[in-house]
Amino acid sequence: MASSYYQEMQEIFRNNNKSREFPAHSAKVHSVAWSCDGKRLASGSFDKTASVFVLEKDRLVKENNYRGHGDSVDQLCWHPTNPDLFVTASGDKTIRIWDVRTTKCMATVSTKGENINICWSPDGQTIAVGNKDDVVTFIDAKTHRPRAEEQFKFEVNEISWNNDNDMFFLTNGNGCINILSYPDLKLIQSINAHPSNCICIKFDPTGKYFATGSADALVSLWDVEELVCVRCFSRLDWPVRTLSFSHDGKMLASASEDHFIDIAEVETGEKLWEIQCESPTFTVAWHPKRPLLAYACDDKEGKYDSNREAGTVKLFGLPNDS
């Protein structure tokens, strides 16, 4: 028996399953993220820039392009409660904090290596950045000075605080989730989550669950309190690259090199919908208030010139008649 939520969302997506794409960059887009108020979407690209769009009803309107990095922008994220600030991590060995009100770079913080992942603590006070050498640096968001630095003996993939800000999670190349206390960074627990490389991790907004995605193509859902696996989603065939929970915590989008994005109902594991894509997906992000999913794929424009990489940002959940 399908849940009432399932039926309600099916009805919404039956009428609102249009995807639209918006030109954003001159090369592929690695990362998309919404500001906490849902008014803006930022994207980071291989073209060394970030772009910011304003969401107007059913479309994204490009507001600005942020230049300054000397290498690919691999990941970005917004301040958890200030909708004007976002931070970018780049292979140029810096992170940059940007303010959409002034459109200027507020701070450039030099780090030791090529940065590949970044997150902002729920209390807004700290930015954690991980590099290719498996060093995670914790940076004071106000003074922009490094507070702590940890070298790990394993391949660090994605990093995240829990919603309570008192634990720090890392997914690693051995399929483990390492959980550290925060701020003292002592190992609390190491969970053997997957038989292969554990790639991504996301916490649901309600704080009940977190999800991990792995190279064995599985998405695992974990109970935050008990630290046990509640269920697995196994509809993808390729390594899970990216995950996002909807604002109510009831839907989970996951994507890979498969040519679709899976949307699951969290409580049952049932497939609610799938979004067809023409190529692998790098990044997905649910809007913080509406059932709209921003995403970016490895889109090659094969129509005219196969050498040109298109850098579009896509939005799913738009009215079919829009």
Side-chain angles (χ1 to χ4, degrees), residues 22-56 59-132 136-149 159-161 282-283 285 287-289 294 296 309-313 315:
F22 304 91
H25 295 276
S26 60
K28 59 190 174 195
V29 175
H30 289 306
S31 180
V32 293
W34 293 99
S35 58
C36 59
D37 60 3
K39 287 182 181 166
R40 286 179 171 85
L41 180 80
S43 57
S45 166
F46 187 72
D47 72 4
K48 308 177 187 175
T49 73
S51 285
V52 171
F53 295 84
V54 175
L55 178 64
E56 289 184 5
R59 63 195 187 112
L60 292 168
V61 179
K62 196 162 175 184
E63 183 179 55
N64 233 304
N65 186 247
Y66 293 81
R67 297 171 184 279
H69 278 299
D71 202 345
S72 173
V73 177
D74 281 346
Q75 207 176 18
L76 52 77
C77 62
W78 291 84
H79 187 291
T81 53
N82 180 338
D84 299 319
L85 301 182
F86 70 98
V87 62
T88 47
S90 169
D92 68 4
K93 301 188 177 182
T94 69
I95 68 163
R96 285 173 177 255
I97 302 173
W98 311 86
D99 189 327
V100 298
R101 291 162 301 190
T102 61
T103 70
K104 287 191 172 61
C105 177
M106 280 180 59
T108 303
V109 183
S110 294
T111 57
K112 290 204 169 149
E114 296 178 39
N115 300 312
I116 50 176
N117 44 40
I118 195 160
C119 59
W120 209 313
S121 63
D123 65 8
Q125 290 179 25
T126 314
I127 294 163
V129 58
N131 71 22
K132 282 185 178 165
V136 177
T137 307
F138 294 86
I139 295 158
D140 186 310
K142 290 197 177 64
T143 66
H144 311 131
R145 289 198 179 90
R147 275 194 184 144
E149 196 175 77
I159 52 179
S160 179
W161 273 272
F282 291 126
T283 175
H287 188 273
K289 293 175 181 163
E309 282 182 314
T312 63
V313 166
L315 194 56

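For clarity, every value in this text was computed on a predicted model and none was experimentally measured.
I95 contributes atom CD1, which lies 12.0 Å from atom CG of N131 (distance to the nearest 0.5 angstrom). To the nearest 0.5 angstrom, K93 atom NZ is 10.5 Å from D71 atom CG. The distance from atom CG of D84 to atom NE2 of H79, rounded to the nearest 0.5 Å, is 10.0 Å. Taking OG1 of T94 as the start and CG of N115 as the end, the distance is 7.0 Å to the nearest 0.5 Å. Between the OG atom in S110 and the NE2 atom in H144 there is a gap of 13.0 Å [rounded to 0.5 Å]. I118 contributes atom CD1, which lies 6.0 Å from atom CD1 of I127 (distance to the nearest 0.5 angstrom).
Using a 4.5 Å heavy-atom threshold, the side chains of T111 and I139 count as touching. You'll find the side chain of T49 stays beyond 4.5 Å of the side chain of Y66, heavy atoms only. A 4.5 Å side-chain heavy-atom check between V100 and F86 finds at least one atom pair inside the cut-off. Counting heavy atoms from C-beta outward, W78 and D37 have side chains that stay 4.5 Å or more apart. Within the 4.5 Å cutoff, the side chain of C77 has heavy atoms near those of the V87 side chain. Counting only heavy atoms from C-beta outward, the side chains of F53 and L55 never approach each other to under 4.5 Å. Residues V52 and W98 are not in side-chain contact: their nearest non-hydrogen atoms beyond the backbone lie 4.5 Å or more apart.
Taking every heavy atom of both residues into account, L76 and A33 meet most closely at CD1-CB, 3.7 Å. Of all heavy-atom pairs between G91 and E114, the closest is O-CG, 3.3 Å. Between P83 and S35, the closest heavy-atom pair is O-CB, 3.8 Å. Of all heavy-atom pairs spanning P122 and P80, the tightest one is O-CG, 3.5 Å. I159 and G130 make their closest contact through CD1-N, 3.9 Å (heavy atoms, listed as atom of the first residue, atom of the second, distance). For A285 against W34, the heavy-atom pair with the smallest separation is O-NE1, 3.0 Å.
Screening S43, S51, S45 for a side chain to side chain donor-acceptor pair (under 3.5 Å) involving N65 leaves a single residue, S51. Of the listed residues (H69, R96, Q75), just one forms a side chain to side chain donor-acceptor pair (under 3.5 Å) with T88, and that residue is H69.
Counted within 6.0 Å of CZ on R67, heavy atoms from surrounding residues, nucleotides or ligands total 12 or fewer; the atom is thus considered open. The number of heavy atoms from other shown groups lying within 6.0 Å of NZ (K62) is above 12.
In terms of modelled atom types and a separation under 3.5 Å, the side chain of S26 and the main chain of D47 share no donor-acceptor contact.
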Does the pair D140 and R145 meet the rule for a salt bridge (charged side-chain N to carboxylate O under 4.0 Å, His left out), with working shown?
CA-CA 5 Å; D140 186 310; R145 289 198 179 90; over 6 Å; no
